[in-house]
Number of protein chains: 2
Amino acid sequence: MTTEASAGGPRRTSEVTKAAILEAARERFASDGYERATIRAIARDAGIDPSMVMRYYGNKEGLFAAASEMDLGLPGLGRLPGKHIGAALVTHFLDRWEADDVLTALLRVGVTNPAGAERMRTIFAEQMIPVAAGVCPDPADAPRRAALVSSQILGMAIARYVLRFPPAVTMSRDEVVAWLAPTLQRYLTAEGA
Amino acid sequence: MTTEASAGGPRRTSEVTKAAILEAARERFASDGYERATIRAIARDAGIDPSMVMRYYGNKEGLFAAASEMDLGLPGLGRLPGKHIGAALVTHFLDRWEADDVLTALLRVGVTNPAGAERMRTIFAEQMIPVAAGVCPDPADAPRRAALVSSQILGMAIARYVLRFPPAVTMSRDEVVAWLAPTLQRYLTAEGA
DNA sequence: CTGGCATGTCAACACCTGTTGGCCTACAGT
DNA sequence: ACTGTAGGCCAACAGGTGTTGACATGCCAG
């Protein structure tokens, strides 16, 4: 896609190739999961030899680690209107989920691969709990509230983007936001326990 | 486990073997997913030769189809107290999820395998939508409401039993019920749209 | 002009997979 | 006693996997 005009020759810089590999890897991991996303297929998509993947990322696990690096971009929401934090969260995640394949790849791999699950736990601990801690009444509850929020978000993602339950796919963005926002709002800000 | 006293000999009936295979298959599919649950490993767990699996179930897909047959046992809930349907649903699913490995296997496989996803869609359509239709105000909304309910239940299952987010694992059954019941109640019975 | 390094390909290894067909053996019916 | 059949094992096939090392080739520095 981004073939630089300066070097019209057949040689490309390693950064370009590495980026192409990462993009192909994300697509394959997202659509096939860890086991069925073969290095050969990823290399073919990236237009290079499989051994290049090994050279740049060591092994398949290293490739996945690089391809699944993810910044949810949530901290900005911490200081938003506390009352509409639920709707903002749902909207943000729908955007993130449809922007690229990283979250879908993460979910598909996390469910069957131990390393993928560990990666998801890390993202949860480092990026979801702080958001909850910033808005919930008692910071000691933050982990539990973050888990509840994550469960609803992951569940909708599975139903809509992975298992493709027809009603979940058909629903409009606004409908999803309207239904889920109050749930997240309650999980984050409800008082008792 | 159930070695019959009548035939103390080395020979067992095919039904016993088939059941042993199914049990081993459910465990392997639940813990490893479709691709990494090898027929060789399943046969080893069942104490027989891999070729027996083929003889009884044709191929790996047939084995999964047999191992993932699932009756959620929900119809009984249809005529229960309409007000506490949310709590009853959460409790019921927590029971079902912890009773055996079938639901976990179904979820793990459904996320990476097309046939598994199709099986989940069928179960959703045949067993979840009718329940929603029986309790929600306008039966035309049943599919959407069932999808919302399923999203929250699947999400909690993933967080608690698959990805094992620590706070989701630590939460007691009663806590999970207390938090999720109002959500499901609203998804099923809320009036607007 | 000539090294050296970076980018890339090719061929192969060792292993594991689903799946198949042939062979053995103990039991039940006659 | 004999035989058919059901339950079971063994060895192998064909294909795909991650991974490795040797070899080629274009580019830039000296």
Practice item. In whole angstrom, give the distance that lies between atom OH of Tyr56(B) and atom C1' of dT19(C). Key: 17 Å

Review point. Where along residues 58-65 of chain A does a heavy atom come under 4.0 Å from DNA chain D, residue by residue in number order?
Key: Asn59(A), Lys60(A)

Check your understanding: When you measure from every atom of DNA chain D, which of residues 45-55 of chain A have a heavy atom less than 4.0 Å away?
Key -> Ser51(A), Met54(A)

Exercise for review: Would you mind reading off the distance between Arg36(B) atom CZ and dT17(D) atom C1', rounded to a whole angstrom?
Suggested key: 14 Å

Practice item. Return the value, rounded to whole Å, for the distance between atom CD1 of Ile21(A) and atom C1' of dT9(C). Key: 14 Å

Check the interface with nucleotides 14-16 of chain D: list each N/O to N/O pair with the protein under 3.5 Å, or write none.
none

Practice item. Round to a whole Å and report the spacing from CD1 of Ile39(A) to C1' of dT19(D). Key: 8 Å

Point to revise | Presence of salt bridge, Asp100(A) and Arg26(A), under 4.0 angstrom | key: no

Review point. Around atom CD of Gln127(A), are there more than 12 heavy atoms of other residues, nucleotides or ligands at under 6.0 Å?
Key: yes

Check your understanding: OP1, OP2 of dG7(D) versus side-chain N and O of Ser14(B): anything below 4.0 Å?
Key -> yes

Review point. dT19(C) P sits how many Å from Ile42(B) CD1, rounded?
Key: 11 Å

Check your understanding: Between the side chains of Ser172(B) and Asp174(B), is a donor N or O closer than 3.5 angstrom to an acceptor N or O?
Key -> no

Practice item. Could you check how far CZ of Arg44(B) sits from C1' of dG18(C), rounded to whole Å? Key: 15 Å

Review point. Do the ring planes of Phe29(A) and Phe64(A) sit parallel (below 30°), tilted (30 to 60°) or perpendicular (above 60°)?
Key: perpendicular

Review point. How many angstroms lie between CD1 in Ile123(A) and CD in Glu69(A), if you round to the nearest 0.5 Å?
Key: 9.5 Å

**Study point:** Which residues share a side chain to side chain donor-acceptor pair (under 3.5 Å) with Thr183(A), sequence neighbours left out
**Key:** Arg186(B), Tyr187(B)

Check your understanding: Is any side-chain N of the basic residue among Arg173(B) and Asp95(B) closer than 4.0 Å to the acidic one's carboxylate O?
Key -> yes

Check your understanding: Around atom CD of Glu23(A), are there more than 12 heavy atoms of other residues, nucleotides or ligands at under 6.0 Å?
Key -> no

Review point. Among Leu180(A), Val177(A), Leu74(A), whose side chain to side chain contact (heavy atoms under 4.5 Å, CB included) with Leu89(A) holds?
Key: Leu74(A)

Check your understanding: With sequence neighbours excluded, what pairs up with Phe93(A) under the ring-ring contact (aromatic ring centres under 6.0 Å, His included) test?
Key -> none

Revision key, fill the gap. Between CD of Glu35(B) and P of dC16(C) the distance, given in whole Å, is 18 Å

**Study point:** Under the salt bridge (Lys or Arg N to Asp or Glu O under 4.0 Å) test, residues paired with Glu126(B) that sit two or more places apart
**Key:** none

